[in-house]
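Chain identifiers are assigned alphabetically (A, B, ...) following the order of the sequence lines, protein sequences preceding nucleic acid strands; residue numbering begins at 1 within each chain. This is a predicted model, so every value here is computed, not measured.
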Amino acid sequence: MGTSSEGDRPWQSYNTVYTNAKAGMDGVDKEKVQRIVYEMSKGSKYFENEKRKEAFIKQKIESLRAQVDKLTDKDVSHFQMIANKKILELEASRDLSKVWLHTDMDAFYASVETLENPSLRGKPMAVGGLSMISTANYEARKFGVRAAMPGFIACKLCPDLIFVPTNFEKYTFYSELARKVFRRYDPDFISTSLDEAYLNITEVCINREISSDEVAGELRNAIFEETGLTCSTGVAPNLMLAKVCSDINKPNGQFILPNDRKAIMTFISSLPIRKIGGIGKVTEHVLRDVLGIKTCEDILQNGAFLCALFSSCSSDFFLSVGLGLGRTDTPDIKMRKSISSERTFHATNDENFLFQKLADIAETLSNDMKEKCLSGRTLTLKLKTASFEVRTRAISLQKCIHSKEDILSCASRILRAELPLSLRLIGLRMSQFSDDKNSHVDPMQKSIVAFLSGGDANSSPTLPKKQVCLEVGDKLEDHDGLDFSEGQSKQDVELDFQVADDHTGDKNDDRFSLLCDSHCSVSSSIAENFKSNDSYLDEAKPDKSVEPDELTYSVERLIEEVGLIWVDDYICSVCGIELPPSFTEERREHSDYHLAEMLQKEESSRGRGHLAQERRLVRFLYYVDAIPMHHNVISLFKFNYACLWFLKFISETKNASKQSPKYTKISYHFILLQERIHMYKDGYQNYQACQTTQKYKNNN
DNA sequence: GGGGGAAGGACCA
DNA sequence: TTCCTGGTCCTTCCCCC
């Protein structure tokens with residue numbers, strides 16, 4: 001798009017969805033339309049974003065080409081075998097027993113408007129506004145104006161264009177009139193939009209002993225008589241082909257593809273892949289530029305490469321297209337999966353305006369949900385920035401919600417975490433509805449308190465799985481059982497933690513390096529001690545001790561006080577999940593989840609006995625000393641874990657061995673731990689303060 | 001390897 | 001100057017089982 005190699009006609013490579021040919025656009029000067037669209041779009045933020053997306057697709061194409069180049073003859077014959085097998089299986093599934101009819105109203109919205117206002121007849125007209133056109137009549141299409149085109153570009157293409165605002169009540173009324181006709185031919189007809197439907201006319205043809213051609217003609221006449229509108233129909237053995245056929249003789253026409261394999265293969269052989277539903281601008285571009293595929297016939301000839309490059313699901317789809325196969329059954333009633341509402345506005349970073357918009361959208365969504373009796377637990381916030389970049393942020397809740405207040409409360413917290421931003425669109429989507437199989441929360445879920453009091457390892461909390469960004473968690477796990485091999489050096493430990501740096505963003509932080517260096521010099525001796533001496537427990541010489549009850553209380557308070565540490569007050573230091581500070585309750589549950597998970601692991605390794613656990617704890621204390629200061633973000637969680645471990649240990653041992661020397665040592669270690677937690681926490685707060693100062697400096 | 005959540009994107013009308 | 005809305009499905013990443 002717009003590179004120098006395109007010389008003086010850069011518009012030729014600027015292909016938007018509306019520069020592609022559509023019914024009624026045969027005589028259009030495509031070059032002129034493309035040039036005007038390009039001239040009007042050039043330099044806009046939308047155009048820049050399109051360039052970015054185009055570059056991404058080009059990169060994908062290059063990568064696929066490289067994969068093709070790498071394939072050896074042996075690989076190709078291997079994938080050819082796979083493709084042949086798939087083709088045989090698909091061919092065996094071919095069903096020519098059904099007759100499907102697809103009907104599509106001609107320029108539906110525009111036709112309805114003309115029907116209600118005959119003065120529009122014969123004049124170029126579009127339904128929509130200056131920002132976007134929903135549909136254009138055939139007079140307007142002669143100028144290159146079409147659906148999905150911005151109105152201001154359409155104005156340039158056709159200066160006399162008349163704009164009519166959309167009126168869905170009208171369209172729904174006429175759609176219902178047409179549906180009454182459809183019902184007479186197939187009570188179970190499939191409606192895909194206000195103006196399109198699939199009808200299974202197999203029975204009608206058999207019972208009335210008439211051809212599908214006659215049924216199609218009859219149906220079109222009935223539609224015209226009862227609505228005053230024209231439609232086009234296509235008849236074929238499956239839904240995919242019927243849809244393609246209805247487009248062939250548009251407007252006000254019909255096309256019949258007989259239920260005959262040879263006729264289908266002839267029809268499909270020269271059919272451009274873009275005509276197939278599911279193959280859009282990007283897929284067409286990729287298949288053409290990587291494998292030179294332009295028609296459905298080309299697909300079958302490239303079966304081996306398609307199997308080599310794409311997922312099984314995608315290659316199956318492509319091959320079935322190449323064979324002219326499609327669905328032949330009426331699908332079961334489809335349950336709605338999500339419901340959403342979104343609004344576009346002039347790009348702004350005015351937070352009051354954005355939150356007001358959010359409230360409006362939350363209200364619309366809530367009303368829509370109430371109307372449809374829906375309640376969901378996953379809320380997705382969609383944002384489109386001033387530069388057309390789209391972001392989505394989802395949150396799954398413990399319970400289903402539908403009220404405006406609940407939706408707005410969650411949405412505001414997610415939005416707040418994204419600001420400041422200049423936005424041009426906000427949207428909200430609700431999914432995981434209350435009657436979904438997967439939407440319920442595990443009834444066995446227990447809080448951390450219940451877990452501790454019950455000690456039931458099998459009923460640990462089962463919060464939804466979260467994506468883990470910090471690989472270091474796993475690596476820590478290997479060692480933090482505090483069983484890391486005797487030969488492992490401090491450098492090894494640090495190497496593992498280096499991974500954490502990349503995620504927490506504090507790599508190369510000079511202020512922190514200073515803290516680390518000073519700390520490392522101390523910790524190295526401890527690490528040495530740790531490595532060389534396995535009798536650490538006996539060597540711990542406590543000079544103070546605490547009562548079991550007092551210790552329990554202290555540990556509980558410490559857990560309360562420290563909580564999970566959130567990197568930049570936003571990202572969980574354990575798994576990387578992002579939860580804004582205002583999500584207090586969710587944060588507490590999240591901490592519970594991690595801690596319970598750790599405890600469960602402890603439970604499952606109980607075979608090692610208490611002494612082993614003591615040893616592991618003390619090893620752990622040495623180990624945290626060996627952690628450079630700036631890694632405390634990660635290690636603070638480990639302190640939490642240790643606290644819980646303490647609690648468990650205390651509850652199990654306090655009756656039996658309050659005075660035992662081991663208990664005394666453990667309580668001593670707890671005091672050390674407590675001190676360190678505060679020290680590390682202070683260190684982290686200093687670090688955060690430095691970060692804030694740095695951000696301020698950078699911004700200025 | 002399959003299932004599932006999150007995020008992003010393709011596609012459709 | 002200006003490029004929608006609402007919905008579904010697929011892919012990718014990455015975890016857990």
Side-chain angles (χ1 to χ4, degrees), chain A residues 16-18 22 37 40-41 43-50 53 56-57 60 104-105 107-109 127-135 146-156 166 168 171 175 191-197 243 274 276-286 310-314 316-317 334-347 361 364-365 368 377-384 388-396 424-432 436-439 462-471 473-474 575-578 597:
Chain A
T16 72
V17 70
Y18 44 84
K22 201 174 156 71
V37 169
M40 297 290 292
S41 306
S44 70
K45 282 176 178 162
Y46 174 83
F47 183 86
E48 292 304 317
N49 191 55
E50 286 296 295
K53 278 155 65 180
F56 185 76
I57 294 166
K60 188 179 169 185
D104 190 352
M105 305 300 287
F108 184 50
Y109 299 172
V127 177
L130 273 182
S131 56
M132 189 53 67
I133 288 174
S134 292
T135 193
R146 54 158 291 178
M149 177 181 274
F152 67 92
I153 293 179
C155 270
K156 186 82 177 175
T166 49
F168 282 97
Y171 314 143
S175 174
S191 169
T192 48
S193 67
L194 284 177
D195 72 320
E196 275 189 43
K243 164 104 172 121
R274 187 69 152 84
I276 307 294
I279 298 183
K281 187 183 104 175
V282 175
T283 312
E284 178 193 32
H285 193 161
V286 169
F310 298 97
S311 69
S312 179
C313 180
S314 299
D316 283 358
F317 168 70
K334 278 179 115 180
M335 298 301 288
R336 175 193 283 274
K337 305 238 170 85
S338 67
I339 187 165
S340 63
S341 180
E342 63 186 53
R343 287 290 169 272
T344 297
F345 40 82
H346 287 292
I361 295 162
T364 308
L365 180 63
D368 290 351
R377 57 172 282 259
T378 298
L379 182 69
T380 306
L381 173 73
K382 176 181 171 181
L383 305 172
K384 197 187 274 180
F388 286 84
E389 183 202 343
V390 177
R391 296 183 191 176
T392 56
R393 296 287 179 266
I395 183 156
S396 290
R424 55 172 295 115
L425 174 144
I426 296 179
L428 287 172
R429 166 161 50 238
M430 190 68 85
S431 50
Q432 294 264 56
D436 281 4
K437 275 183 188 162
N438 301 321
S439 68
T462 52
L463 273 182
K465 282 170 228 154
K466 299 291 175 195
Q467 201 159 326
V468 173
C469 302
L470 294 179
E471 292 168 11
D474 289 339
C575 71
I577 187 189
E578 297 183 4
E597 194 179 49

Novice: Within the structure shown, what part of the strands sits under 4.0 Å from K384(A) by heavy-atom distance: base, sugar-phosphate, or nothing?
Specialist: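 It contacts sugar-phosphate atoms only.
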
Novice: Base, sugar-phosphate, or nothing for T135(A), non-hydrogen atoms under 4.0 angstrom?
Specialist: nothing

Novice: Over all strands shown, is R343(A) touching base, sugar-phosphate only, or nothing at heavy-atom distances under 4.0 angstrom?
Specialist: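 Sugar-phosphate contact only.
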
Novice: Counting the atoms with a prime plus P, OP1 and OP2 as sugar-phosphate, which does T283(A) contact under 4.0 Å by heavy atoms, base, sugar-phosphate, or nothing?
Specialist: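 Sugar-phosphate, no base atom in range.
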
Novice: Run the side-chain contact (heavy atoms from CB on, under 4.5 Å) test against M132(A) and tell me which residues pass, sequence neighbours left out.
Specialist: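 None.
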
Novice: Assign each of D368(A) and R424(A) to its nearest nucleotide of DNA chain C by heavy atoms, then name whichever residue's nucleotide is nearer the 5' end.
Specialist: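 Between the two, 5'-proximity favours R424(A).
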
Novice: With sequence neighbours left out, what residues match E196(A) under side-chain contact (heavy atoms from CB on, under 4.5 Å)?
Specialist: H102(A), D104(A), T192(A), S193(A), K243(A)

Novice: About how many Å separate CD of E389(A) and CZ of R391(A), when rounded to the nearest 0.5 Å?
Specialist: 4.5 Å

Novice: What nucleotide, of dG6(C), dA13(B), dT11(C), holds the atom closest to the side chain of S340(A)?
Specialist: dG6(C)

Novice: From the set dT2(C), dC4(C), dG5(B), return the single nucleotide nearest to any side-chain atom of A148(A).
Specialist: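 That would be dC4(C).
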
Novice: Of the options V37(A), I133(A), L130(A), which is the one that meets I153(A) in a side-chain contact (heavy atoms from CB on, under 4.5 Å)?
Specialist: V37(A)

Novice: In whole angstrom, what separates R429(A)'s CZ from dG8(B)'s P?
Specialist: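 These atoms are roughly 12 Å apart.
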
Novice: So if I take every side-chain heavy atom of S338(A) and compare against dT8(C), dA10(B), dC3(C), which nucleotide ends up nearest?
Specialist: dT8(C)

Novice: 5'-most contact on DNA chain B: T192(A) or R391(A), nearest heavy atom basis?
Specialist: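 Mapping each residue to its closest nucleotide by heavy atoms, the 5'-most match is R391(A).
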
Novice: Using a heavy-atom cut-off of 4.0 Å across all strands, would you classify G277(A) as base, sugar-phosphate, or nothing?
Specialist: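 The answer is sugar-phosphate, as G277(A) gets under 4.0 Å only of primed atoms, P, OP1 or OP2.
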
Novice: Output the single nucleotide from dT11(C), dA10(B), dA6(B) whose closest atom is nearest the side chain of K53(A).
Specialist: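 In terms of side-chain proximity for K53(A), the closest of dT11(C), dA10(B), dA6(B) is dA10(B).
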
Novice: Among the nucleotides dC10(C), dA13(B), dG8(B), which one has an atom lying closest to any side-chain atom of R393(A)?
Specialist: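 Between dC10(C), dA13(B), dG8(B), the one nearest the side chain of R393(A) would be dG8(B).
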
Novice: Does I133(A) reach a base, just sugar-phosphate, or nothing at all? Heavy atoms under 4.0 Å.
Specialist: nothing

Novice: Quick one: pull up CG in L383(A) and CD in E342(A) and give me the separation to the nearest 0.5 Å.
Specialist: 11.0 Å

Novice: Tell me what S44(A) touches on the nucleic acid: a base, only sugar-phosphate, or nothing, going by heavy atoms under 4.0 Å.
Specialist: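 S44(A): no heavy atom of the nucleic acid under 4.0 Å.
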
Novice: With a non-hydrogen cut-off below 4.0 angstrom, is I276(A) in contact with a base, only sugar-phosphate, or nothing?
Specialist: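 The answer is sugar-phosphate, as I276(A) gets under 4.0 Å only of primed atoms, P, OP1 or OP2.
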
Novice: When all nucleic acid strands are considered with a 4.0 Å heavy-atom cut-off, which category describes L194(A): base, sugar-phosphate, or nothing?
Specialist: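 If one applies the 4.0 Å heavy-atom cut-off, L194(A) turns out to touch nothing in the nucleic acid.
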
Novice: Between K60(A) and E196(A), who's closer to the 5' end of DNA chain B by nearest nucleotide?
Specialist: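 Counting from the 5' end, the first nearest nucleotide belongs to K60(A).
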
Novice: Using a 4.5 Å cut-off on heavy atoms from C-beta on, say whether the side chain of T378(A) contacts that of S396(A).
Specialist: yes

Novice: Quick one: which of dG7(C), dC12(B), dA7(B) gets closest to the side chain of R274(A)?
Specialist: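 Taking heavy atoms from C-beta onward, the closest nucleotide is dC12(B).
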
Novice: Would you say a side-chain N or O of K156(A) is under 4.0 Å from OP1 or OP2 of dC3(C)?
Specialist: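 No, K156(A) has no side-chain N/O under 4.0 Å of OP1/OP2 on dC3(C).
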
Novice: For the helix from dG1(B)-dC17(C) to dA13(B)-dT5(C), figure out the bend between the end axes, five pairs an end, and round to 10 degrees.
Specialist: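 It comes to 20° between the two terminal axes.
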
Novice: In sequence, state the C-alpha distance, the side-chain angles, and the governing distance for E50(A) and K53(A), and then conclude on salt bridge (charged side-chain N to carboxylate O under 4.0 Å, His left out).
Specialist: CA-CA 5 Å; E50(A) 286 296 295; K53(A) 278 155 65 180; 3.1 Å; yes

Novice: Sequence neighbours left out, what passes ring pair (Phe, Tyr, Trp, His ring centres under 6.0 Å) with F56(A)? Give chain and number order.
Specialist: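 If we apply the ring pair (Phe, Tyr, Trp, His ring centres under 6.0 Å) test to F56(A), skipping adjacent residues, there are no hits.
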
Novice: Which residues pass the side-chain contact (heavy atoms from CB on, under 4.5 Å) test with R424(A), not counting sequence neighbours?
Specialist: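 Scan of R424(A) (side-chain contact (heavy atoms from CB on, under 4.5 Å), adjacent residues dropped) gives T344(A), A347(A), K384(A), F388(A).
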
Novice: To the nearest angstrom, how far is L381(A) atom CG from dA6(B) atom P?
Specialist: 14 Å

Novice: For F168(A), check side-chain contact (heavy atoms from CB on, under 4.5 Å) against everything at least two apart and list the hits.
Specialist: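 Applying side-chain contact (heavy atoms from CB on, under 4.5 Å) to F168(A) gives Y109(A), T166(A), Y171(A), L194(A).
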
Novice: Out of dT5(C), dA6(B), dC3(C), which has the shortest distance to the side chain of T344(A)?
Specialist: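 My answer, after comparing the listed nucleotides, is dT5(C).
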
Novice: dT2(C) C1' sits how many Å from M149(A) CE, rounded?
Specialist: 14 Å

Novice: What is the distance from CD of E389(A) to C1' of dG9(B), rounded to the nearest Å?
Specialist: 13 Å

Novice: Which nucleotide in the set dG6(C), dT5(C), dA7(B) lies at the smallest distance from any side-chain heavy atom of S341(A)?
Specialist: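 Of the options given, the side chain of S341(A) lies nearest dG6(C).
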
Novice: Does dA7(B) have its OP1 or OP2 closer than 4.0 Å to a side-chain nitrogen or oxygen of T380(A)?
Specialist: no

Novice: Let me spell it out: for each of S311(A) and H346(A), pick the nucleotide of DNA chain C with the closest heavy atom. Which residue's pick is nearer the 5' end?
Specialist: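 By nearest-heavy-atom nucleotide position, the 5'-most residue is H346(A).
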
Novice: Identify which nucleotide among dG6(C), dA10(B), dC4(C) has an atom closest to any side-chain atom of E342(A), counting heavy atoms from C-beta outward.
Specialist: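 The listed nucleotide nearest to E342(A)'s side chain is dG6(C).
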
Novice: If you compare every side-chain N and O of Q432(A) against the phosphate oxygens of dG4(B) (OP1, OP2), does one of them come in below 4.0 Å?
Specialist: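 It does not, given that no N or O in the side chain of Q432(A) lies less than 4.0 Å from OP1 or OP2 of dG4(B).
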
Novice: In whole angstrom, give the distance that lies between atom CE of M132(A) and atom P of dT5(C).
Specialist: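 That distance rounds to 9 Å.
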
Novice: Starting at CG of D316(A) and ending at P of dT11(C), how long is that distance when rounded to a whole Å?
Specialist: 10 Å

Novice: Of the candidate nucleotides dC11(B), dC10(C), dG6(C), which contains the atom at the shortest distance from the side chain of S314(A)?
Specialist: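 The answer is dC10(C).
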
Novice: Mind calculating the distance between CD1 (I57(A)) and P (dG9(B)) to the nearest angstrom?
Specialist: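 Taking CD1 of I57(A) and P of dG9(B), I get 10 Å after rounding.
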
Novice: dT12(C) C1' sits how many Å from F310(A) CZ, rounded?
Specialist: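 These atoms are roughly 15 Å apart.
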
